[in-house]
Amino acid sequence: QVQLVESGGGLVQAGGSMRLSCTASARTFSRYTMAWFRQAPGKEGEFVAAISRNGGSTYYGDSVKGRFTISRDNDKNTMYLQMSSLKPEDTAVYYCAARDRPLSSTRVNDVDYWGQGTQVTVFS
């Protein structure tokens, strides 16, 4: 069992930056490819970014490519999402996800463990 806790959400003006963190309870953190998903009101969950088990490879959704950066520190059992050039359409609840799947998996159903989510609101 892996417990994931996100932090770092809040309000930010369009064009600004914000960093999200996700800390895992398990020492097996490095066994999982990690990912961020988001869900805006009235919309389906959307894949944001993923990172390989050792942090050497990353994969991004088209809507955030070039603006967001995913990273991880396996010594701290923590994953990060650095978000820049934020837009109002980035407003959503952001979820941390752990999955024993290939890096390129973008499916919600492939996630083994979810965090509780953190709200990000971008205002113009």
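If you read the sequence from its start, that first residue is 1, and numbering goes on from there.
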Let me check something: do [X] and [Y] share a hydrophobic cluster, defined by ILVMFWY side-chain heavy atoms less than 4.5 Å apart, either directly or through other members?
| X | Y | value |
| --- | --- | --- |
| M18 | Y60 | yes |
| Y94 | Y59 | no |
| V64 | V108 | no |
| Y95 | Y80 | no |

Can you see which heavy atom on [X] is nearest to which on [Y], and at what distance?
| X | Y | answer |
| --- | --- | --- |
| R67 | L86 | NH1-CA, 3.9 Å |
| I70 | M34 | CD1-O, 4.2 Å |
| A98 | L4 | N-CD1, 3.8 Å |
| F29 | M79 | CZ-N, 4.0 Å |
| V120 | G9 | CG2-CA, 4.2 Å |
| A40 | A92 | N-CB, 3.8 Å |

- Task: Answer yes or no: is there an ion pair linking D100 with R53, defined by an N-O contact shorter than 4.0 Å?
- Result: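 A salt bridge is present here (some side-chain N lies under 4.0 Å from a carboxylate O).
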
- Any Lys/Arg nitrogen of K87 or D90 sitting under 4.0 Å from an Asp/Glu carboxylate oxygen of the other?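 No salt bridge links K87 with D90.
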
Atom [atom1] of [X] and atom [atom2] of [Y]: how far apart are they, to the nearest 0.5 Å?
| X | Y | atom1 | atom2 | answer |
| --- | --- | --- | --- | --- |
| T23 | N77 | OG1 | CG | 8.0 Å |
| N54 | S30 | CG | OG | 9.5 Å |
| I51 | L103 | CD1 | CG | 8.5 Å |
| Y113 | Y32 | OH | OH | 4.0 Å |
| S84 | F68 | OG | CZ | 8.0 Å |

- Do M83 and L20 touch side chain to side chain, with heavy atoms closer than 4.5 Å?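 In contact.
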
- Query: Is the shortest heavy-atom distance from the side chain of T28 to the side chain of V2 under 4.5 Å?
  - Reply: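 They are in contact (side-chain heavy atoms under 4.5 Å apart), so the answer is yes.
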
- Message: Would the distance check show the side chain of E6 and the main-chain N or O of Q116 forming a donor-acceptor pair, the cut-off being under 3.5 Å?
- Response: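 Checked: pair present.
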
- Message: Main chain of P102, side chain of S105: is a donor-acceptor contact present, judged purely on distance under 3.5 Å?
- Response: no

- Intermediate values then yes/no, side-chain contact (heavy atoms from CB on, under 4.5 Å), R101 and D112: CA-CA 9 Å; R101 296 289 189 278; D112 296 306; 4.1 Å; yes

- Message: Looking at F47, I'd like to know if the NZ or CZ of R38 sits under 6.0 Å from its six-membered ring centre while staying within 45 degrees of the ring's axis.
- Response: no

- Message: Just checking W114 against F37, ring centres under 6.0 Å apart?
- Response: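 Yes, the ring centres sit under 6.0 Å apart.
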
- Message: Would you say that more than 12 heavy atoms from the other residues, nucleotides or ligands in this model lie under 6.0 Å from the NZ of K65, or not?
- Response: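 More than 12 heavy atoms, drawn from other residues, nucleotides or ligands, come within 6.0 Å of this atom.
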
- Can you tell me if CD on E89 sees more than 12 non-hydrogen neighbours from other groups inside 6.0 Å? yes

Within the 3.5 Å criterion, strictly below it, is a donor on [X] or [Y] matched to an acceptor on the partner's side chain?
| X | Y | answer |
| --- | --- | --- |
| Q119 | T121 | yes |
| T33 | R99 | yes |
| T78 | D73 | no |
| Q82 | S71 | no |

